**Q** 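Structure in structure tokens, see below.
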Amino acid sequence: MSEHHEVLIIGGGTAGITVAARLCNLPRPPEIGIIEPSTKHYYQPLWTLVGGGVFPKEASERNEADFIPPGATWIQDAVTTFDPDKNTVCTRGGNKYTYDVLVVAPGIQLDWDKVTGLKDTLGKNGVCSNYAYDLVDSTWGFLREFRGGKAIFTFPNTPIKCAGAPQKIMWLAEHYMRRIGVRDQSDVIFASAGAGIFGIPHYARPLNKLVEERNIITHYRHDLVEVRPSSKEAVFRNLDDSSERVLKFDLLHVTPPQSAPGFIKESPLASSDGWVEVDKYTTQHTRYPNVFSLGDASSLPNSKTGAAVRKQAPVTVANIESFRAGKPLHARYDGYASCPLVTGYGRLILAEFGYDGVIMESFPFNQAQERYSMWAMKAYGLPNMYWHGMLRGRV
Ligand code: FAD
């Protein structure tokens with residue numbers, strides 16, 4: 001079977017649906033097809049709070065069908081290959097789809113297999129992760145049972161979605177341990193492949209202060225390479241001298257290595273490191289002008305977050321409109337990303353920055369300070385804004 005769409009969108013996640021909704025809201029919307037295999041749509045930023053026991057995981061889940069904008073066609077299938085010279089994609093279901101304009105937004109791939117012994121022990125033996133819907137319950141389960149010991153929180157040596165998430169759950173866990181009175185019998189360890197607590201100095205400063213005040217043990221340039229469930233050991237490679245370090249754990253929260261999805265890496269659309277290769281300002285492909293990409297799968301060199309997608313989507317839509325009208329592309333994305341750094345229950349530092357670490361704060365107060373108001377915004381304001389505003393193409 002072969003079918004044509006004026007605009008074909010790959011992925012009905014945060015980026016795909018936001019772009020589709022904005023295109024459908026145009027005075028003269030194009031005809032749209034969305035290829036998305038999943039019947040469910042997830043608000044992943046909530047998983048941090050699910051792992052901390054604040055919300056049940058079901059609060060982050062909706063039916064995909066309810067967010068396909070009226071007028072767009074949902075193709076429940078998964079793309080396997082691209083032939084951009086022939087404006088064609090092929091799917092797992094054996095079908096071919098052609099397009100005038102292609103938007104590629106299939107998100108990021110979680111490479112659990114890259115850590116030896118990890119996959120088989122996820123959700124067991126105190127090993128958990130907030131990075132998948134079917135695992136996020138295990139984080140809260142192990143935290144609730146925790147009665148002192150060593151709790152390790154990892155950060156891999158790859159780009160990841162939401163670079164703040166690996167430490168957000170650590171701050172919640174540390175606060176929880178204090179609440180239930182086991183903090184004195186516990187080591188809280190941040191074992192990260194990164195060189196510091198956070199990449200933007202403006203926010204790293206207050207976070208380092210918290211590391212000191214809350215007695216967090218840090219091991220930087222440490223990359224998790226193996227989990228030994230029977231002996232409850234996590235094995236790290238020191239990225240500076242390649243030495244091995246083995247740490248005992250009672251609770252191990254893993255942020256898995258991540259990369260571009262395999263079918264993107266193998267496609268003609270990929271850059272040398274696998275992402276969909278686009279101009280960092282226009283989101284247009286550098287070699288195929290009728291192809292656009294945004295979100296986690298794109299080569300846009302911003303911090304990979306839903307907040308970034310919110311700013312990329314209007315730029316992509318404006319540039320698709322210009323492209324279809326044969327006009328130059330004027331809309332520009334400035335690299336904006338935001339990271340609501342949960343630093344405990346009822347506490348949050350709201351980091352907002354653009355390309356080259358330029359600070360781009362929204363509020364007229366010092367956002368590098370922990371605040372309840374910013375926590376309330378994350379827990380109650382942003383989920384509503386996502387479901388009712390962003391995915392409807394309104395904000
Ligand atoms: P996704 O939303 O992941 O969507 C990708 C879609 O593509 C999926 O629906 C998938 O099924 C589909 N797909 C995959 N393969 C194919 C295929 N072959 N064919 C067709 N479709 C396919 N962001 C924030 O802004 N703030 C936060 O506080 C925050 N916290 C986070 C905490 C955690 C624990 C996690 C995991 C993420 C967090 N994020 C946060 C990141 C945010 O969720 C992502 O950056 C965002 O969802 C990226 O949007 P996307 O559309 O690129 O990818």
Side-chain angles (χ1 to χ4, degrees), residues 8-20 33-52 57 60-62 64 67-68 74-82 89-93 97 103-110 128-133 135-136 139 159-169 172 253-256 258 260-264 266-267 275-276 293-298 300 302-313 316 336-342 348 350-352 374-375 377-379 382-383 385-386 390-391:
L8 183 62
I9 300 176
I10 311 306
T14 303
I17 293 296
T18 305
V19 166
I34 305 171
I35 305 185
E36 165 60 61
S38 173
T39 57
K40 300 293 179 189
H41 187 112
Y42 299 101
Y43 179 58
Q44 301 168 40
L46 208 68
W47 293 348
T48 293
L49 302 185
V50 174
K57 70 175 179 181
S60 70
E61 186 191 59
R62 298 282 189 281
E64 179 74 16
F67 292 90
I68 303 292
W74 177 18
I75 302 152
Q76 204 195 330
D77 205 341
V79 171
T80 50
T81 56
F82 295 88
V89 304
C90 294
T91 64
R92 200 187 288 156
Y97 296 88
V103 179
V104 187
I108 201 165
Q109 176 174 290
L110 304 175
C128 55
S129 181
N130 283 352
Y131 270 77
Y133 183 74
L135 288 172
V136 63
T139 307
I160 61 169
K161 51 181 160 186
C162 195
Q167 67 175 282
K168 294 178 199 178
I169 186 61
L172 287 175
H253 178 273
V254 179
T255 297
Q258 298 168 41
F263 76 107
I264 298 288
E266 289 150 19
S267 80
W275 312 103
V276 184
S293 179
L294 72 167
D296 295 348
S298 76
L300 295 168
N302 58 275
S303 173
K304 295 184 185 297
T305 58
V309 170
R310 190 164 75 82
K311 298 290 185 180
Q312 293 162 2
T316 303
Y336 173 90
S338 143
C339 190
L341 289 156
V342 172
L348 190 143
L350 182 64
E352 292 186 287
M374 296 294 95
W375 160 276
M377 183 181 77
K378 170 162 178 78
L382 292 178
M385 194 269 282
Y386 183 76
M390 188 168 161
L391 294 188

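All values derive from a computational prediction rather than experimental measurement. Both ligands and their constituent atoms are indexed starting at 1 by order of listing.
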**Q** Which atoms of ligand 1 are found less than 4.0 Å from any heavy atom of Ile35?
**A** 20 (C), 21 (N)
**Q** For ligand 1, which atoms, with element, lie under 4.0 Å from some heavy atom of Phe263?
**A** 17 (C), 18 (N)
**Q** What residue and heavy atom of the protein are closest to atom 50 (P) of ligand 1, and at what distance?
**A** Ala15 N, 4.0 Å
**Q** Could you tell me whether the side chains of Asn130 and Thr139 share a donor-acceptor contact shorter than 3.5 Å?
**A** yes
**Q** Which ligand 1 atoms are under 4.0 Å away from a heavy-atom of Lys378?
**A** 28 (O)
**Q** Tell me, which protein residue and heavy-atom name are nearest atom 9 (O) of ligand 1, and how many Å apart are they?
**A** Glu36 OE1, 2.6 Å
**Q** Just jot down the side-chain contact (heavy atoms from CB on, under 4.5 Å) partners of Thr80, sequence neighbours excluded, or say none.
**A** Cys90, Arg92
**Q** Tell me whether Lys161 contacts the main-chain N or O of Gln44 through its side chain, where contact means a donor paired with an acceptor under 3.5 Å.
**A** no
**Q** Between Thr14 and Tyr42, do the side chains contain a donor N or O and an acceptor N or O under 3.5 Å apart?
**A** no
**Q** Is the ring pair Phe67/His41 parallel, tilted or perpendicular, if the boundaries are 30 and 60 degrees?
**A** tilted
**Q** Check whether Thr48 reaches the backbone of Ile169 with its side chain - one donor and one acceptor, N or O, closer than 3.5 Å.
**A** no
**Q** For the backbone of Gly262 and the side chain of Gln109, can you confirm whether one donor and one acceptor N or O come within less than 3.5 Å of each other?
**A** yes
**Q** List the closest protein heavy-atom neighbour of atom 27 (C) of ligand 1: residue, atom name, distance to the nearest 0.1 Å.
**A** Pro45 CB, 3.5 Å
**Q** Could you check which of Val19, Val89, Asn130, Ile75 puts a non-hydrogen atom nearest to atom 34 (C) of ligand 1?
**A** Asn130
**Q** For atom 4 (O) of ligand 1, what's the nearest protein heavy atom and its distance?
**A** Gly13 CA, 3.3 Å
**Q** List the steps, then state whether side chain to side chain contact (heavy atoms under 4.5 Å, CB included) holds for Ile68 with Ile34.
**A** CA-CA 8 Å; Ile68 303 292; Ile34 305 171; 4.1 Å; yes
**Q** Which residue holds the protein heavy atom closest to atom 13 (N) of ligand 1, what is that atom called, and what is the gap in Å?
**A** Pro106 O, 3.9 Å
**Q** Quick test: of every protein heavy atom, which one is nearest to atom 47 (O) of ligand 1, and how far off is it to 0.1 Å?
**A** Thr14 OG1, 3.0 Å
**Q** Look at atom 44 (C) of ligand 1 and say which protein heavy atom is nearest, naming residue and atom and giving the distance to 0.1 Å.
**A** Asp296 OD2, 3.4 Å
**Q** Any atoms of ligand 1 less than 4.0 Å from a non-hydrogen atom of Tyr131? List them with their elements.
**A** 36 (C)
**Q** Between the main-chain N or O of Ala165 and the side-chain N or O of Gln167, is there a donor-acceptor pair closer than 3.5 Å?
**A** no
**Q** For ligand 1, which atoms, with element, lie under 4.0 Å from some heavy atom of Lys304?
**A** 45 (O)
**Q** Return the closest protein heavy atom for atom 24 (C) of ligand 1 as residue, atom name and distance.
**A** Gly306 N, 3.4 Å
**Q** Can any side-chain N or O of Glu36 pair as donor or acceptor with the backbone N or O of Gly12 at less than 3.5 Å?
**A** yes
**Q** Would you mind listing which atoms of ligand 1 come within a distance below 4.0 Å of any non-hydrogen atom of Pro37?
**A** 20 (C), 21 (N), 22 (C)
**Q** Val309 to ligand 1: N or O pair under 3.5 Å?
**A** no
**Q** With sequence neighbours excluded, what pairs up with Ser303 under the side-chain hydrogen bond (donor to acceptor under 3.5 Å, both in side chains) test?
**A** none
**Q** Do any N/O atoms on Val79 end up under 3.5 angstrom from N/O atoms on ligand 1?
**A** yes
**Q** Without swapping roles, check the side chain of Gln312 against the backbone of Gly295 for a donor-acceptor pair under 3.5 Å.
**A** yes
**Q** Is the contact between Pro340 and ligand 1 made by the side chain, the backbone, both, or neither, using heavy atoms and a 4.0 Å cut-off?
**A** side chain
**Q** What are the two closest heavy atoms between Ile9 and Gly16, and how far apart are they?
**A** CG2-CA, 3.7 Å
**Q** Out of Gln312, Lys168, Gln44, whose heavy atom is nearest to atom 3 (O) of ligand 1?
**A** Gln44
**Q** Show the atoms of ligand 1 that are less than 4.0 angstrom away from any heavy atom in Cys162.
**A** 27 (C), 29 (C), 30 (N), 31 (C), 38 (C), 39 (N), 40 (C)
**Q** Output the list of atoms in ligand 1 that are nearer than 4.0 Å to some heavy atom of Gly295, sorted by atom number.
**A** 52 (O)
**Q** Short N/O distance, under 3.5 Å, between Thr48 and ligand 1?
**A** no
